[in-house]
Amino acid sequence: MSGVVQRSGVARATVYRRYPTRDAMTAAALARVKGREPFRLSGDVEEDIATGVHQAAAVLASAAFRRFLPSFVAEAMRGPASARAQMERVAPNHGQIAREYDEIAAAAGLRTDIDPATVADIIQGAMLMRLLATGRPPTRQAEADLVAVLRRGLQAEAIDVADEEGAA
């Protein structure tokens, strides 16, 4: 907060009036650089996974977000509570997709033997890793590839084939 006060050239009280806590300031900065609202889940988990992949790539394509990314990571590394708060700000649909997957995976013919949060983690992690590995945001082809891998790997019959191969 002291650095912000110093760089802004305004009184400390002015900064604290607008942002009473460090978390409030971080949330405001993140909302500004992210530049998009969370998407509304459709109830079709496969469609929502594809939308989540596209949204993650779009956020990572923002130069403002990429400049903010080191601060986001540093803040998340302060501990589990901070990490959860940061994730909720950056990817509010992360938890919602996990809940949706948990609720409707079986009816949708998707695997139920995995932690539903893993699906959301794969989306965010793969898109972020593409940025970190290449220095560029994920391409449309990278998005399509990830969606294809997820769709195939999450199919319930994928578990049956793996079980049969393991038994042989």
Side-chain angles (χ1 to χ4, degrees), residues 1-101 115-151 153-154:
M1 294 295 275
S2 294
V4 170
V5 168
Q6 191 174 37
R7 283 188 302 273
S8 70
V10 300
R12 181 174 293 276
T14 302
V15 172
Y16 276 97
R17 193 173 306 118
R18 176 126 187 188
Y19 308 107
T21 66
R22 177 181 171 150
D23 283 345
M25 182 178 292
T26 302
L30 187 54
R32 181 166 184 163
V33 300
K34 187 176 172 201
R36 62 186 56 241
E37 292 294 319
F39 64 94
R40 185 168 269 182
L41 297 182
S42 70
D44 177 337
V45 72
E46 290 189 64
E47 179 182 320
D48 291 339
I49 286 170
T51 302
V53 167
H54 180 69
Q55 288 281 357
V59 168
L60 293 172
S62 161
F65 182 81
R66 289 194 310 275
R67 284 191 302 274
F68 186 78
L69 188 58
S71 298
F72 163 74
V73 171
E75 196 65 26
M77 297 310 298
R78 288 180 43 214
S82 185
R84 281 189 303 275
Q86 292 294 55
M87 200 61 196
E88 182 60 32
R89 290 177 187 130
V90 164
N93 286 79
H94 183 272
Q96 293 175 355
I97 286 177
R99 283 187 292 283
E100 178 185 59
Y101 189 90
D115 177 355
T118 300
V119 176
D121 290 347
I122 290 169
I123 293 169
Q124 301 298 324
M127 293 290 94
L128 179 59
M129 193 62 205
R130 178 56 59 112
L131 173 67
L132 296 176
T134 66
R136 290 188 288 273
T139 63
R140 288 283 191 175
Q141 186 60 53
E143 290 179 46
D145 291 346
L146 177 57
V147 170
V149 166
L150 283 169
R151 282 190 170 141
L154 292 173

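This one's a predicted model, so the numbers in the text were calculated from it and none came from an experiment.
With hydrogens and angles ignored, the 3.5 Å screen pairs no side-chain donor or acceptor of S82 with any backbone N or O of G79. Counting only distance, with no hydrogens or angles, the side chain of N93 and the backbone of F39 share a donor-acceptor pair below 3.5 Å. Between the S42 side chain and the D48 main chain, no donor and acceptor come within less than 3.5 Å of each other.
Annotation for A50 and V147: closest pair CA-CG2, 3.8 Å, computed over non-hydrogen atoms. Annotation for A61 and P137: closest pair CA-CB, 3.5 Å, computed over non-hydrogen atoms.
Annotation: side-chain contact (heavy atoms from CB on, under 4.5 Å) contacts of R40 (sequence neighbours excluded): none.
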Listing, residues 119-134 side-chain donor-acceptor contacts under 3.5 Å, not counting sequence neighbours, or none:
{"from": "D121", "atom 1": "OD1", "to": "H94", "atom 2": "NE2", "distance (Å)": "2.6"}
{"from": "T134", "atom 1": "OG1", "to": "R130", "atom 2": "O", "distance (Å)": "2.7"}
{"from": "T134", "atom 1": "OG1", "to": "R136", "atom 2": "N", "distance (Å)": "3.1"}
{"from": "T134", "atom 1": "OG1", "to": "R136", "atom 2": "O", "distance (Å)": "3.0"}

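Counting only heavy atoms from C-beta outward, the side chains of L154 and I49 approach each other to under 4.5 Å.
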